[in-house]
**Student:** 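If you scroll down you'll find the structure; I have some questions about it.
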Amino acid sequence: QAELVESGGGTVQVGGSLRLSCAASGRVFTGAGMGWFRQGPGKEREFLAGISWNGGNTDYADSVKDRFSIWRDNTKNTVWLQMDNLEPEDTAVYYCAAARSVYGGFHSLNYHSWGQGTQVTVSS
């Protein structure tokens with residue numbers, strides 16, 4: 001049984017919005033930082049946003065900090081990523097990940113559990 005399951009991906013036009021959600025098991029979610037990453041065609045996996053275990057700290061990649069928002073609800077074991085003003089360059093598979101500690105930060109090595117990914121396609 002998967003411990004992280006993303007949903008909410010799809011196809012959207014340039015300038016549109018999508019909200020991704022990641023439902024987690026309590027085992028990986030409780031007390032752990034969470035992050036969102038993406039991997040575009042022919043590109044390496046890229047950090048987008050991270051949030052601490054209690055939601056008190058967040059960080060964003062420069063490429064998305066003015067357009068994406070991350071938050072979590074610890075009563076629902078869920079983390080979300082709101083994506084606004086989407087661009088063709090945002091086309092990628094999006095992954096959520098659970099950190100090894102209370103906050104994972106930018107580096108993928110700090111995360112130990114990954115979802116299967118959800119496809120986001122931005123059409124022009």
Side-chain angles (χ1 to χ4, degrees):
Q1 184 174 355
E3 302 212 78
L4 295 171
V5 179
E6 302 97 335
S7 61
T11 299
V12 64
Q13 291 187 331
V14 170
S17 298
L18 283 174
R19 179 175 295 180
L20 306 182
S21 62
C22 174
S25 70
R27 191 188 76 83
V28 300
F29 192 84
T30 303
M34 298 293 294
W36 283 97
F37 293 74
R38 70 185 178 191
Q39 188 164 14
K43 298 181 180 180
E44 294 185 353
R45 189 167 295 188
E46 172 189 17
F47 170 83
L48 298 174
I51 188 167
S52 60
W53 73 278
N54 62 354
N57 292 306
T58 58
D59 275 308
Y60 297 91
D62 287 343
S63 59
V64 304
K65 65 181 179 180
D66 295 327
R67 301 184 295 124
F68 292 8
S69 295
I70 186 172
W71 72 98
R72 64 190 291 162
D73 185 334
N74 287 351
T75 67
K76 298 180 179 178
N77 288 354
T78 301
V79 60
W80 290 270
L81 184 70
Q82 175 69 35
M83 306 186 296
D84 297 321
N85 194 21
L86 286 162
E87 306 166 348
E89 294 74 22
D90 295 316
T91 294
V93 179
Y94 284 66
Y95 300 89
C96 71
R100 303 178 190 277
S101 65
V102 296
Y103 183 66
F106 295 83
H107 298 291
S108 62
L109 292 177
N110 294 336
Y111 297 82
H112 69 92
S113 186
W114 296 79
Q116 82 289 349
T118 185
Q119 176 71 45
V120 171
T121 302
V122 184
S123 62
S124 56

**Student:** Any side-chain to backbone donor/acceptor pair from Asp90 onto Asp84? Under 3.5 Å, distance only.
**Tutor:**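 Checked: no pair found.
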**Student:** Once rounded to the nearest 0.5 Å, what's the spacing between atom CG of Leu48 and atom CZ of Arg67?
**Tutor:**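 Answer rounded to 0.5 Å: 9.5 Å.
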**Student:** Would you say the side chain of Trp53 lies within less than 4.5 Å of the side chain of Thr30, judging by non-hydrogen atoms?
**Tutor:**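 Sidechains of Trp53 and Thr30: no contact.
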**Student:** Honestly curious: do Phe68 and Ile70 fall in one hydrophobic cluster under the side-chain, below-4.5 Å linking rule?
**Tutor:**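 Looking at the clustering, Ile70 is in the same group as Phe68.
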**Student:** In terms of side-chain heavy atoms, does Ser69 have a donor or acceptor partner in Gln82 at a distance below 3.5 Å?
**Tutor:**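 Their side chains do not contain a donor-acceptor pair, so the 3.5 Å distance test is not met.
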**Student:** Report yes or no: do Trp71 and Val79 belong to one cluster of Ile/Leu/Val/Met/Phe/Trp/Tyr joined by side chain heavy-atom distances under 4.5 Å?
**Tutor:**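 Different clusters.
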**Student:** Should Leu18 and Val120 count as side-chain neighbours, where that means a heavy-atom distance under 4.5 Å?
**Tutor:**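 Yes, side chains in contact.
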**Student:** Does a donor on one side chain and an acceptor on the other come within less than 3.5 Å for Ser7 and Ser21?
**Tutor:**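 Yes - a donor-acceptor pair under 3.5 Å links their side chains.
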**Student:** Is a side-chain donor-acceptor pair under 3.5 Å present for Asp59 with Tyr103?
**Tutor:**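 Yes.
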**Student:** Do Val28 and His112 have side chains that get closer than 4.5 Å, going by heavy atoms?
**Tutor:**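 Yes; the side chains approach each other to less than 4.5 Å.
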**Student:** State whether the side chain of Arg100 and the backbone N or O of Leu109 hold a donor-acceptor pair below 3.5 Å, judged by distance alone.
**Tutor:**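 Yes.
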**Student:** Are the side chain of Thr78 and the backbone of Lys76 linked by a donor-acceptor contact shorter than 3.5 Å?
**Tutor:**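 Looks like yes, one N/O pair under 3.5 Å.
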**Student:** Find the distance between CG (Leu81) and CD (Glu6) and round it off to the nearest 0.5 Å.
**Tutor:**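 With rounding to 0.5 Å, CG (Leu81) is 11.0 Å from CD (Glu6).
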**Student:** Can Leu4 be reached from Val102 by stepping across I, L, V, M, F, W or Y side chains whose heavy atoms are under 4.5 Å apart?
**Tutor:**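 No, Val102 and Leu4 fall in different hydrophobic clusters.
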**Student:** Go through the steps to decide whether Met83 and Tyr94 satisfy the test side-chain contact (heavy atoms from CB on, under 4.5 Å), and finish with yes or no.
**Tutor:** CA-CA 11 Å; Met83 306 186 296; Tyr94 284 66; 3.5 Å; yes
**Student:** When rounded to the nearest 0.5 angstrom, what distance separates SG in Cys96 from CZ in Arg38?
**Tutor:**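 So the gap between those two atoms works out to 15.5 Å.
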**Student:** Roughly how far apart are Met34 CE and Asn77 CG, rounded to 0.5 Å?
**Tutor:**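 Met34 atom CE to Asn77 atom CG measures 9.0 Å (nearest 0.5 Å).
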**Student:** Closer than 3.5 angstrom, by distance alone: can the side chain of Thr118 be matched with the main-chain N or O of Gly9 as a donor-acceptor pair?
**Tutor:**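 Checked: pair present.
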**Student:** Check for me whether the distance between the ring centres of Tyr60 and Phe47 falls short of 6.0 Å.
**Tutor:**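 No, ring centres 6.0 Å or more apart.
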**Student:** With no hydrogens and no angle check, is any side-chain donor or acceptor of Thr91 less than 3.5 Å from a backbone partner on Val122?
**Tutor:**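 Yes: the side chain of Thr91 pairs with the backbone of Val122.
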**Student:** Can you give me the closest heavy-atom contact between Ala32 and Ala99, atom names plus distance?
**Tutor:**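 For Ala32 and Ala99, the tightest heavy-atom pair comes out as CB-O, 3.7 Å.
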**Student:** In Å and rounded to the nearest 0.5 Å, what is the CD1 to CZ distance from Ile51 to Arg72?
**Tutor:**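 Between Ile51 CD1 and Arg72 CZ, I get 6.0 Å after rounding to 0.5 Å.
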**Student:** Measure the spacing between OH of Tyr111 and CH2 of Trp36 and express it to the nearest 0.5 Å.
**Tutor:**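 Here the interatomic distance stands at 12.0 Å.
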**Student:** Between Lys43 and Glu89, which heavy-atom pair has the shortest distance, and what is it?
**Tutor:**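 Closest approach of Lys43 to Glu89: NZ-O, 4.4 Å.
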**Student:** Indicate yes or no for a side-chain donor-acceptor contact from Ser52 to the backbone of Asn57 under 3.5 Å, with no hydrogens or angles considered.
**Tutor:**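 Side chain of Ser52 to backbone of Asn57, a donor-acceptor pair under 3.5 Å: yes, one is there.
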**Student:** Under a 4.5 Å cut-off applied to non-hydrogen side-chain atoms, are Ser63 and Glu46 in contact?
**Tutor:**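 Counting from C-beta outward, Ser63 and Glu46 do come under 4.5 Å.
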**Student:** Should Val93 and Val5 be counted in the same cluster of Ile, Leu, Val, Met, Phe, Trp and Tyr side chains packed under 4.5 Å apart?
**Tutor:**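 No, no single cluster joins them.
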**Student:** Tell me if the aromatic rings of Trp114 and Phe37 count as close, with their centers under 6.0 Å from one another.
**Tutor:**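 For Trp114 and Phe37, the ring centres are under 6.0 Å apart.
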**Student:** When you look at NE2 of His107, are more than 12 heavy atoms from neighbouring residues, nucleotides or ligands closer to it than 6.0 Å?
**Tutor:**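 Check fails, neighbour count at 12 or below.
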**Student:** If you measure only the distance, is there a donor-acceptor pair under 3.5 Å linking the side chains of Asn85 and Glu87?
**Tutor:**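 No, no side-chain donor-acceptor pair sits under 3.5 Å.
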